[in-house]
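Down below is the structure, laid out as structure tokens.
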Amino acid sequence: MPTAIITGITGQDGSYLAEFLLAKGYEVIGMVRRSSTVTFQRIKQIQDDITIIQGDLHDQSSLVDVIERYRPQEVYNLAAQSFVPTSWNQPVLTGEVTALGVTRLLEAIRLINPETRFYQASSSEMFGKVREVPQSESTPFYPRSPYGVAKVYAHWITVNYRESYDLFAVSGLLFNHGSPRRGLEFVERKICHGVARIKLGLTDELRLGNLDSRRDWGFAGDYVEAMWLMLQRDAAEDYVIGTGVTHSVRELCELAFSHVGLDYKDYVVQDPQFYRPAEVDILVADPSKAIKDLNWEPKIGFDGLVQMMVDEDLKRLALEID
Ligand code: NAP
Ligand code: G4F
């Protein structure tokens, strides 16, 4: 039975990846940071099937301890300060966790178990002020936030450890992916959750920022399969993962509201507090390398994702009201 360690297992992607690896017969070890309250909401359905161990990307010795104890075949580094606006308020913390945390983990692997295969959760935010459309593995980076800058560092340190020490270390350049488990602060969940609250009469407005930026949104459950596929290859290479289709935040609003028979123009209020100091205007993936090498394709598109998220929030909120 292969052993995999997932950092960030309590997050959206961590929960889907853990379920995916359990179904493949892996022993799954989830690294979680200490907190004063339980953060296991997304993994409560599999808690008896996984092992939880404490560790923090800030703390080198905790990472050494995790690798030493389990000597895993695969490590998936999904942990990060992952919310872009927070990275302007907490740029040093974002650099410590999202950038330097990756070096700490790679050092632990290099020193203790260099046979471990390593996946780094890189981001389309690295393309930022895009140099070409669509974005592929060869598109130059131009990050627009401290988060994007930290992810560029994390990407290159992953490449550098591969080239310097011959580690099997890969960087997955993933475009936006959501799900009913997405954090409430990210725009697609904020909109779908807001639509459900409005439909159920719990509120009568939704305050958003820039409606004109465009993203390539897919379903998180599809994307964790691509992470695993990257680590099953003969050679370590980096891959862009996305749907190849882009939509504006406004289009997302139109679709989510119309799914429950409402018009977004009656409810959405633009609020300057949600504008960013520097925006990423358009992201759209060229996933052709992943389609060819990994035989990977997204199963759920934009419409299916938005409808699934609205329906799930309607169901959950209706139960809470009861
Ligand atoms: P998420 O839901 O925000 O989860 C982040 C995870 O990181 C949580 O489990 C969190 O733990 C953990 N974490 C934060 N700081 C930590 C620290 N110092 N030490 C250990 N763990 C820490 O993010 P996600 O959407 O699942 O994304 C997973 C990864 O993919 C992230 O690296 C993100 O930047 C990247 N990414 C995401 C997308 C996307 O669209 N979802 C696209 C490209 C790349 P707590 O539960 O304790 O907070
Ligand atoms: O949902 P967002 O906060 O996602 P963003 O900034 O694209 O980052 C997400 O995707 C990245 C991959 O590209 C990940 F690496 C990262 O960890 C995260 O998962 O914002 C999307 C767009 C932005 O242009 C933003 O300005 O939506 C716009 N937006 C408009 N109103 C809003 C809002 N974003 C948020 N969060 N909240 C709003 O009210």
Side-chain angles (χ1 to χ4, degrees), residues 6-17 30-35 37-43 54-59 62-63 66 76-87 93-94 96-98 100-102 104-105 119-128 135 143-145 147-148 150-151 154-155 171-179 181-191 194 206-220 223-224 227 241-242 247-250 252-253 268-283 285:
I6 303 175
T7 73
I9 195 166
T10 54
Q12 171 190 256
D13 290 6
S15 67
Y16 282 109
L17 180 64
M31 192 191 87
V32 302
R33 57 179 170 167
R34 190 265 161 188
S35 72
T37 184
V38 178
T39 56
F40 295 174
Q41 200 184 335
R42 295 185 178 103
I43 50 169
Q54 279 205 2
D56 196 304
L57 287 187
H58 281 107
D59 188 84
S62 69
L63 303 176
V66 174
Y76 296 85
N77 181 39
L78 309 187
Q81 189 305 93
S82 72
F83 190 46
V84 172
T86 296
S87 75
L93 177 135
T94 302
E96 278 290 345
V97 177
T98 304
L100 275 182
V102 183
R104 293 188 190 101
L105 192 48
Y119 173 85
Q120 167 57 19
S122 290
S123 166
S124 52
E125 276 292 305
M126 303 189 307
F127 297 120
Q135 296 85 47
R144 294 276 278 173
S145 62
Y147 169 83
K151 284 287 184 185
H155 168 83
S171 171
L173 291 81
L174 271 53
F175 284 61
N176 297 50
H177 45 280
S179 73
R181 299 182 194 171
R182 183 70 147 149
L184 284 169
E185 68 274 39
F186 299 97
V187 81
E188 71 273 34
R189 181 75 197 286
K190 184 174 171 182
I191 293 168
L206 176 60
R207 302 187 86 81
L208 295 172
N210 178 12
L211 302 185
D212 296 317
S213 59
R214 304 181 72 85
R215 293 289 183 275
D216 178 336
W217 279 286
F219 171 53
Y223 287 37
V224 299
M227 298 175 188
I241 300 295
H247 292 278
S248 66
V249 174
R250 189 184 305 281
L252 207 158
C253 288
V268 169
V269 178
Q270 278 193 274
D271 184 337
Q273 73 162 301
F274 296 113
Y275 295 152
R276 297 178 179 187
E279 182 59 281
V280 172
D281 295 324
I282 176 167
L283 292 174

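Worth knowing before you read on, the calculation uses all heavy atoms, side chains too, and leaves out hydrogens, waters and symmetry mates. As the structure lists them, so they are numbered: ligands from 1, and atoms in each ligand from 1.
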Of Tyr76, Phe175, Tyr147, the residue with the heavy atom nearest atom 33 (C) of ligand 1 is Tyr147
Polar contact flag for Gln12 and ligand 1 (N/O pairs, less than 3.5 Å)
yes
Is the contact between Arg33 and ligand 1 made by the side chain, the backbone, both, or neither, using heavy atoms and a 4.0 Å cut-off?
side chain
Indicate, as side chain, backbone, both or neither, the part of Arg182 found under 4.0 angstrom from ligand 1 when only non-hydrogen atoms are considered.
side chain
Just go through Ser213, Ser87, Gly178 and tell me whose heavy atom is the nearest to atom 24 (O) of ligand 2.
Ser213
Report the member of Ser123, Pro85, Gly242, Gly11 with the shortest heavy-atom distance to atom 11 (C) of ligand 2.
Ser123
Within the 4.0 Å heavy-atom cut-off, what Ser122 brings close to ligand 1 is backbone
Logged contact type for Asp56 with ligand 1, heavy-atom cut-off 4.0 Å, is both
Would you check whether Lys151 reaches within less than 4.0 Å of ligand 1, judged by its heavy atoms?
yes
Atoms in ligand 1 flagged as close to Val97, the criterion being non-hydrogen separation under 4.0 Å
15 (N), 18 (N)
Any idea which of Arg276, Gln273, Arg207 brings a heavy atom closest to atom 20 (O) of ligand 2?
Arg276
If the contact criterion is a heavy-atom separation under 4.0 Å, does Tyr275 count as touching ligand 2?
no
For the residue pair Tyr119 and Tyr76, does the interplanar ring angle fall in the parallel (under 30°), tilted (30 to 60°) or perpendicular (over 60°) class?
tilted
